[in-house]
Amino acid sequence: MDQLGFTSCARSITLGLMSQEIDALNALFAIKDIAAIVPGNDGLPKIQITSPSASGEIYLHGAQVTSWRPTGSEEVLFTSERSRWEDGRAIRGGIPVCFPWFRGKADNPEAPAHGFARTRSWKLEGIGHQEGTVTVTLATESDDFTRRWWPHDVRLVLRVEIGLQLKLALTVFNTGASSFRFEEALHTYHHVGDVTQVSVTGLDGVMFLDNTDGNHEKVQDGDVVMTAQTDNAYLNTSSTLTLTDPVLQRKLRIEKRNSLTTVVWNPWDTGAKSMTDLGDEEWRKMACVEASNILSAAVTLAPSDAHTMEASIAIIG
C-alpha cells in the first residue's frame with residue numbers, strides 16, 4: 001500500500017472509532033430534542049445544544065465552547081474559518097481553556113503555548129437540562145503526556161451552562177502529594193461587527209502590562225478602545241465589564257469570579273498575517289476579553305484542595 005492509501009485507511013479507521021464513541025456517548029447522555037453528540041469539523045465529537053432559550057456547541061477536544069447563540073440573537077462567539085480541527089492542535093476561537101500556564105512556558109519554549117488543556121480530548125461526564133438551561137460537565141486529568149511538560153497530578157472539571165446566559169466554571173483539583181502553582185484563562189473570543197469600533201467599559205484606572213511594548217506597566221485611561229495590535233494583562237481587577245458593539249448594535253456583560261486578571265487581545269492585521277489558522281481579515285471580527293489568573297495572580301494549590309474560576313456572558317442591550 002502506498003503512503004496515500006495508508007493515510008486514507010488510517011483516516012477511515014479513526015473516523016470509525018469516532019463514530020463508535022459518538023454512538024456510545026449518545027446512549028449515555030443525549031437529551032431528545034435538546035442535546036446530542038454529533039460529528040463536528042473533521043469528525044471531532046461535539047455536543048450540539050438546541051433549547052428554547054439558546055443554541056450552542058462544545059467540542060470534547062479542549063472542552064471548547066465554539067458557539068453560543070441566544071434565541072433571536074446573532075452568534076456571540078468567534079471561530080476562525082481556518083481553524084485546524086485535529087488532535088494536538090488548538091481550535092482557533094470559541095473559549096479555549098488555558099492551563100497550567102499562559103502564553104509560552106517560561107522555562108521551556110518547546111512546551112505548547114497556553115498549556116496542554118486546550119489541545120487534548122476531555123471526557124464528557126454529564127448533560128442536564130432544567131428551565132431552559134443546558135449544563136454540560138467535562139473533565140480531564142494528568143497522565144504521562146501532561147507530566148512531560150508539568151510534573152504534577154491534577155484533575156480539571158469544566159462546567160458549562162448554555163441558556164440566556166453563557167456560564168463557565170473551571171475547577172482545578174490538586175490530586176497529588178505536593179503543592180503546585182498554575183496560571184489559567186478562559187480565552188474568550190467574542191464575535192464583533194468591527195473590532196476598530198468596539199469599546200470595553202470597566203477597566204478605567206486599572207494598571208496593566210502591555211505585551212506589545214515589552215510588558216511595560218501602564219494605567220488604563222477611560223474605556224478600552226483597540227486601534228492597533230493589543231495584548232494587555234490587566235492586574236488586580238475583578239470588575240464586571242461591558243463590551244459595546246455599535247455595528248452589531250448590542251452590548252455584552254462580561255462577569256467573572258475568583259479571577260484577578262483580565263486579558264484583552266487582538267492580533268490586528270500584522271499579527272493575523274503570521275497566523276496560519278486565522279484569515280488575514282478575520283481579526284476585524286473578534287475581540288478577546290478573558291477571565292484569567294496569570295503572572296502575579298497565579299494560583300497556589302495545596303494537596304487535596306480545589307480552586308474554581310467562573311466567567312459568564314450575557315446580552316444586555
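What you see is a predicted model, and the numbers here were worked out from it, not measured in a lab.
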Handout entry: Residues clustered with Val157, ILVMFWY side-chain links under 4.5 angstrom
Key = Phe173

Handout entry: SB check Glu125 Arg155 (cutoff 4.0 Å)
Key = yes

Practice task
Taking Asp277 for its side chain and Ile91 for its backbone only, find out whether a donor-acceptor pair lies under 3.5 Å.
Solution key: no

Exercise for the section: Compute the centroid of each ring, for Trp150 and then for Phe145, and state whether the two points are separated by less than 6.0 Å. Expected result: no

Practice task
Provide the closest heavy-atom pair for Val264 versus Leu203 in the form atom of the first, atom of the second, distance.
Solution key: CG2-CD1, 4.3 Å

Handout entry: Under-4.0 Å salt bridge between Arg84 and Asp42
Key = no

Problem - Presence of salt bridge, Glu161 and Arg159, under 4.0 angstrom - result: yes

Practice task
Using a strict 4.0 Å threshold on nitrogen-to-oxygen distance, state whether Glu282 and Lys285 make a salt bridge.
Solution key: no

Exercise for the section: Give me the ring orientation class for His152 and Phe180: parallel if the planes are under 30° apart, tilted from 30 to 60°, perpendicular past 60°. Expected result: tilted

Exercise for the section: Run the ring-centre check on His187 versus Tyr189 and record whether the distance is less than 6.0 Å. Expected result: yes

Exercise for the section: Assess the pair Trp122 and Tyr59: is the distance between their ring centroids shorter than 6.0 Å? Expected result: no

Exercise for the section: Please report the shortest heavy-atom distance between Ile34 and Pro52, naming the atom on each side. Expected result: CD1-CD, 4.4 Å

Fill in the blank from the handout: Taking every heavy atom of Gly279 against every heavy atom of Ala272, the minimum-distance pair comes out as O-CB, 4.1 Å

Practice task
Measure up the Trp101 and Phe116 rings against each other and bin them: parallel (under 30°), tilted (30 to 60°), perpendicular (over 60°).
Solution key: perpendicular

Handout entry: Donor-acceptor under 3.5 Å (Thr230 side chain, Ala228 main chain)
Key = yes

Handout entry: NZ/NE/NH1/NH2 to OD/OE distance under 4.0 Å, Arg120 and Asp143
Key = yes

Donor-acceptor contacts, no H, no angles, side chain residues 126-137, under 3.5 Å, sequence neighbours left out:
none

Problem - Residues forming a side-chain contact (heavy atoms from CB on, under 4.5 Å) with Ala185, sequence neighbours excluded - result: Cys98, Phe102, Glu290, Ser292

Handout entry: Carboxylate-amine/guanidinium proximity below 4.0 Å for Glu57 and Lys46
Key = yes

Practice task
Answer whether the closest heavy-atom distance between the side chains of Arg147 and Ser142 falls below 4.5 Å.
Solution key: yes

Practice task
With rounding to the nearest 0.5 Å, note down the distance linking OG1 in Thr188 to CG in Leu168.
Solution key: 7.0 Å

Practice task
Over all heavy atoms of both residues, which pair between Ser67 and Glu75 is shortest? Give the atoms and the distance, please.
Solution key: OG-OE1, 2.6 Å

Practice task
Could you grab the distance from atom NE2 of His61 to atom CG of Leu138, nearest 0.5 Å is fine?
Solution key: 13.0 Å

Practice task
Could you tell me which non-hydrogen atom of Ala287 sits nearest to which non-hydrogen atom of Leu243, and how far apart they are?
Solution key: CB-CD1, 4.3 Å

Handout entry: Shortest non-hydrogen contact from Glu184 toward Val172
Key = OE1-CG2, 4.1 Å

Practice task
Before accepting this row, confirm whether a basic side-chain N of the pair Asp107/Lys105 lies closer than 4.0 Å to the acidic partner's carboxylate O.
Solution key: yes

Handout entry: Trp68 side-chain N/O to Val65 backbone N/O, donor-acceptor pair under 3.5 Å
Key = no

Exercise for the section: Test side-chain contact (heavy atoms from CB on, under 4.5 Å) on Ile22 and Gln20 and set out the steps. Expected result: CA-CA 5 Å; Ile22 287 170; Gln20 292 177 22; over 6 Å; no

